[in-house]
Number of protein chains: 2
Amino acid sequence: MEAKEILKAHVARFASLTDEQFEYFFSFFKRQGFKKGQVIISEGDAVNCEYFVISGCLKSFYVNDNLKMFILQFAMPTWWASDYNALYNDTKATISVDCITDTEVLSLTNDHRERLCAELHEAEHFFRWRTNRGYVAAQKRLLSFMNSNVKCRYEELLRLYPELYNIVPKNLIAAYLGVSRETLSRLYQA
Amino acid sequence: MEAKEILKAHVARFASLTDEQFEYFFSFFKRQGFKKGQVIISEGDAVNCEYFVISGCLKSFYVNDNLKMFILQFAMPTWWASDYNALYNDTKATISVDCITDTEVLSLTNDHRERLCAELHEAEHFFRWRTNRGYVAAQKRLLSFMNSNVKCRYEELLRLYPELYNIVPKNLIAAYLGVSRETLSRLYQA
DNA sequence: GTCCAATAGTGATCCAGGTCACACAACTAC
DNA sequence: GTAGTTGTGTGACCTGGATCACTATTGGAC
């Protein structure tokens, strides 16, 4: 499926745009390709864009003072990724984004999104619902952190996103679950 | 300050409504008062409303199978609370909301919010930004869970919301931080 | 006033998961 | 080919926080 079609189907889940409106909506996006390992947003950067994944897989992550990495999100096709704190508040990135595999995205600048939202009520409706769902998902993840042990969280992750198992190395899965790779490796020992 | 003024000042942070528009916006809200300990949303309920706090303090929380409670959020004046998963997806509540102190709120039904958003573009803009900020806050909390130990998280909480220290009992603070009350109590021991 | 429930502090013990160290594939790069 | 880099498993040991048990305090409700 073509990038435009993928975005169109995604937008249609939350908003009703006419074909003409969608053409306008789509005109603000820019298609970009990145290689495995390529860094899209690096800590300290100015952040202008958010990214809608067409194919491949991104990760957004934070690295603390001890160089330990924590993964906020894996972004598979039809997911969005950026440092939203930096993007919304026009500050330097504290979250980085890079490519786990070769990845195609549609990028949208902050200014373009706001212009779209201002000009097209239905676009604002779409972005409201996109974030609503992200907010609910973040709360669920927070609860699973407080409530569940590693094994439960790992099994839940694989249940929800089985495709990750084949694409994402175990050390990154561990960084997403917030445990050491050794602990993850030992889960199904003997 | 009157409830209407508090909401008006809050909305003005993210959206520009004329006085007339705000009157219309406000007409969808219903003022309600609750007593300390009173339950507003209980697990298993149908959820119709979200609540904007005027005075007092609410908590939203999840109770697991072992009857252990985890607090998702304290809601102080100008904060919003509900079971957003249930509210947005029209499912039964898994999150409960009750009153830590006597509390006044302005309640808004899901239908009324959607009607407001559909009829008034600027209302949709407001609710988009409100959730954007909630999403960013939820991600920050997730990172502090993965990255920081209890002591750091506790000190960060008190730094950001010092008023909680006097209003909220320690066992509830512990349930927010995701640790036992004993561990919280021992943080500043000898 | 007297009770009872809610809130807090603290000792003793246990365990999930962290840290360090080493082994060994598998995969580039040259 | 050979060498360096990634990803993965596993043993040994350590530690932060949980759990259980008991003791004060405080503050309504009556």
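The sequence lines fix the lettering, A, B, ..., with proteins before strands; numbering per chain opens at 1.
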Give the minimum heavy-atom separation between A:Leu108 and A:Phe127, together with the two atoms involved.
-> CD2-CZ, 3.7 Å
Hey, do the aromatic rings of A:Tyr161 and A:Tyr165 have their centres closer than 6.0 Å?
-> no
Is any side-chain N or O of A:Arg186 under 3.5 Å from a base N or O of D:dG11, one able to act as donor and the other as acceptor?
-> yes
Judged by atom type as modelled, is there a donor-acceptor pair below 3.5 Å linking the side chain of A:Asn110 to the main-chain atoms of A:Cys49?
-> no
Hey, does the Lys NZ or Arg CZ of B:Lys59 hover above the aromatic six-ring of B:Tyr176, less than 6.0 Å from the centre and inside 45° of the axis?
-> no
Do any N or O atoms from the side chain of B:Thr103 and from the backbone of B:Leu58 form a donor-acceptor pair under 3.5 angstrom?
-> no
Nucleotide nearest B:Thr183 (side chain, heavy atoms from C-beta), chosen from D:dT8, C:dA8, D:dA18 | D:dA18
Indicate yes or no for a side-chain donor-acceptor contact from A:Arg153 to the backbone of A:Leu177 under 3.5 Å, with no hydrogens or angles considered.
-> yes
Backbone N or O of B:His10 within a donor-acceptor pair of the B:Thr78 side chain at under 3.5 Å?
-> no
Give the nucleotide from the list D:dA18, C:dG18, D:dT10 with an atom nearest to the side chain of B:Val179.
-> D:dA18
Whether each nucleotide of nucleotides 21-30 of chain D has a protein heavy atom under 4.0 Å at its base (B), only at its sugar-phosphate (S) or at neither (-) is summarised, 5' to 3', as B---------
Is the side chain of A:Asp98 donor-acceptor paired with the backbone N or O of A:Gly37 at a distance under 3.5 Å, no angle test?
-> no
Contacting residues from residues 149-168 of chain A, given that a heavy atom lies under 4.0 angstrom of DNA chain D = none
Check whether any side-chain nitrogen or oxygen of B:Ser180 sits under 4.0 Å from OP1 or OP2 of D:dT19, and answer yes or no.
-> no
NA contact type, A:Gly37, heavy-atom cut-off 4.0 Å: base, sugar-phosphate, or nothing?
-> nothing
